[in-house]
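Keep in mind that the numbers below use all heavy atoms, side chains included, and drop hydrogens, waters and symmetry copies. Proteins get letters first, then strands, A, B, ... in listed order; numbering begins at 1 in each.
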Amino acid sequence: MRMSRLYLPTLKEIPAEAEIVSHQLMLRAGLMRSLTAGVYTYLPLGYRVIRKIEEIVRQAMDESGAQEILMPVIHTAELWKESGRWDRFGPLMIKFEDRKGREYCLGPTHEEVITDLIRDEIRSYKDLPLNLYQIQTKVRDEIRPRFGVMRGREFIMKDAYSFDRDFAGLDKSYQIMYDAYTKAFANCGLEVRAVEADTGPMGGKDSHEFMVLAEAGEDEIAFCQQCDYAANVERAEAGFKAQEDNEEMKPLEKVKTPGQKAIDDITAFLNTEAGKTIKSLGLLADGEPVLVLLRGDDQLNEIKLKNYLDVLELTPVADEDFTEYFNSVAGFIGPVGLKGVRVVADLRVKSIRNAVAGANEEDYHYLNVNPGRDFQVEEYVDLRMVRAGDRCPRCEGSLEIKSGIEVGHIFKLGTKYSESLGATYLDENGKEQVIVMGSYGIGITRLVAAAIEQHHDENGIIWPKAIAPYQVIILPLGKGKAEELAEGLYEKLKAAGIEVLIDDRDERAGVKFNDADLIGIPLRITIGSRALERGVIEAKIRRTGEQIDIPLVEAVDGVLDLLEKIE
RNA sequence: CUAGCUGUGGCGCAGUUUGGUAGCGCGCUGCCUUCGGGAGGCAGAGGCCCCGGGUUCAAAUCCCGGCAGCUAGACCA
């Protein structure tokens, strides 16, 4: 492609709206432009990268036995009501009516549509297993779209859905997708880690997220420094050993602690440490009051609690309602003497000795509170947020926490949708069985941003070769012979099947160099009189900065050889 | 949704405090010079100052009400 004709509006300055590197570079390098928050037009260079990634993903999916289809963007409300998600997904969906007043939404995901599709077609165990996928634009009215294409309201996604006879079959299908994903990301030239994840509103059993490690990531991941344990902090556990604290139990004592409500206040006031306090949180779980106990130095992981209680919503009880729900006082609530309330405690609470806890009386706390002696808890479960330095749940190693960008997510859905939508088959015995499902997503456009987050420097993008919009860029400097030779090389490389750009614009050398760096083409070939006098053309590898002279007579082969070596 | 910040040529911004001619840099067009890391000169084009209402002789500027963008939180495959 000739750059003189390429629609490539590069920017010298950073647009004010862009905060993170990938967003800035996607705008500066002329990959995309925004229409409104979270909605983008992809320009020629950007769209080429998207198509590259799509093709790599498509190949991995096809090889795994999945078959490509294309489902509608417009979904009917009745189908979503049937699955029960019309209200649950609710505000995330763009909803509208047609001229007859019938309700629709734009598809935020396609479990409903695909289940509706196959429930009519799949009748026999002979039709299973089956895996169907599509690459298509999804629409979600995100509460807060941000970071460019990282969280868009409209984005391209690859979504696949597997259908099996039973859970053993699902386990197989899931593993096949897991492997296909691993391969697809590697083929894109990205370093991606699979981590255990929460299933969220998708529902289902096991789940893994595929994370590109990057500072800009919205997710936090806990890694073991020794073994391969990795999990989203939403679900990460820490190794737990019920420690025998041999400290002698001291007698319970009530002390006046005027106005000392927060853990920090208490520890300072009583000159103790947070680990020696019991943090008591009064919450409403789908409207029902629950008292949650944690060690004072731990944070509640709300997702763990929601999953344990199997509720949708957790809200703190308002200060003035503590009397009504707990017969206690905000800031001074505690487990000792509390009656008629469900109490759930984190595992680490059980072994605390001689702790500080609220006395359920304005301006009073108890000293020397001992679980088991001073109060009883039926439900001890893992509720805390892991922290860097915690012990790994699998081995003796310790956990570290890093930011990551979720570029893929796979779920074992089980029978959630097949049951609500009635997708069944007949087994060998003619008995009706519910189809077991899995779903598997890759955020294609998000992957573009993640790739940039992982591969850039101060001069611009550094595309991995596999997803670069072009592999080679030729810069002719000056008129005459250099131009002629550049044109010749351009034609020959094209003929050899290489995707090549030639910067035939009437621009100064500096402009061409800077644009070439900015748009991140892996291999740059400069043809100018200076080197031609030595009988060579100059190659520069974008990623390493390495410069190589290629003898003019071997130009084409030299470029092809170099390309082979570049990542 | 809550809070904060911001809306002025394509992009980055100044001007708003104290109302009175709409400005700068980049980019764009033409000509000349220059030509290996975002050149220089000359001459130009391009603006409903986010929208609506109000105050005033006069509003980019003051007041009221919207809308949009960004950031943080909550939320979120």
Under 3.5 Å on both distances, the Watson-Crick or G-U partner of rC49(B): none

Mind checking if F147(A) touches a base, just sugar-phosphate, or nothing, with heavy atoms under 4.0 Å? sugar-phosphate

Could you tell me whether E103(A) and K95(A) have a side-chain N and a carboxylate O separated by less than 4.0 Å? no

Please figure out whether A531(A) or E302(A) has its closest RNA chain B nucleotide nearer the 5' end. A531(A)

Candidates rC11(B), rA74(B), rG69(B) - which lies nearest the side chain of P15(A): rC11(B)

Under 6.0 Å between ring centres, would you say that holds for Y178(A) and F210(A)? yes

Using ring pair (Phe, Tyr, Trp, His ring centres under 6.0 Å), reason through F411(A) and H409(A) one step at a time and then give a plain yes or no. CA-CA 7 Å; F411(A) 300 87; H409(A) 201 159; 4.1 Å; yes

Is E218(A) touching bases, backbone alone, or none of the nucleic acid, heavy atoms closer than 4.0 Å? nothing

Check every strand shown and say whether R33(A) touches a base, only sugar-phosphate, or nothing at a heavy-atom separation below 4.0 Å. nothing

Ignoring hydrogens and geometry beyond distance, is the side chain of E507(A) in donor-acceptor contact with the base of rG38(B) at under 3.5 Å? no

My understanding is that a pair needs two contacts under 3.5 Å, Watson-Crick or G-U wobble. By that rule, which nucleotide pairs with rA58(B)? none

Between C1' of rU33(B) and CG of D506(A), the distance in whole Å: 14 Å

Side-chain donor or acceptor of K540(A) under 3.5 Å from a matching atom on the base of rG37(B)? yes

Do R146(A) and E218(A) sit within salt-bridge range, that is, some charged N less than 4.0 Å from a carboxylate O? yes

Write down the partner of rA39(B) under the Watson-Crick or G-U wobble criteria, each distance required to be under 3.5 Å. rU33(B)

Residue R151(A), side-chain atoms from C-beta onward, closest of rG38(B), rC76(B), rG69(B): rC76(B)

Would you kindly check whether a donor in the side chain of R28(A) faces an acceptor in the base of rG12(B), or vice versa, at under 3.5 angstrom? no

Any base atoms under 4.0 Å from I14(A), or only sugar-phosphate, or nothing? Heavy atoms, all strands. sugar-phosphate

Spell out yes or no: do the side chain of E538(A) and the base of rG36(B) have one donor N/O and one acceptor N/O closer than 3.5 Å? yes

Tell me if the centroids of the rings in Y161(A) and Y133(A) come within less than 6.0 Å of each other. no

Donor-acceptor pair (no angle test) under 3.5 Å: R508(A) side chain, rU34(B) base: yes

Look through every strand shown and name the nucleotide pairing with rG19(B) as Watson-Crick or G-U wobble, where both distances are under 3.5 Å. none

Can you tell which of rC13(B), rG38(B), rG73(B) lies closest to the side chain of R146(A)? rG73(B)

Given RNA chain B, 5'-ward residue of the pair K512(A) and E209(A), judged by closest heavy atom: K512(A)

Under 4.0 Å, counting only non-hydrogen atoms across every strand here, what does K479(A) touch: a base, just sugar-phosphate, or nothing? nothing

Give a yes or no on whether a salt bridge exists between R2(A) and D504(A), defined as a side-chain N under 4.0 angstrom from a carboxylate O. yes

May I ask you to verify if any side-chain N or O of T36(A) is less than 4.0 angstrom from the OP1 or OP2 atom of rG69(B)? yes

Hey, does the side-chain of R144(A) have a donor or acceptor N/O within less than 3.5 Å of a partner on the base of rC1(B)? no

Which nucleotide, in any strand shown, forms a Watson-Crick or G-U wobble pair with rC67(B), with both distances under 3.5 Å? rG7(B)

Please name the nucleotide paired to rA72(B) by Watson-Crick or G-U wobble geometry with both distances under 3.5 Å, or report none. rU2(B)

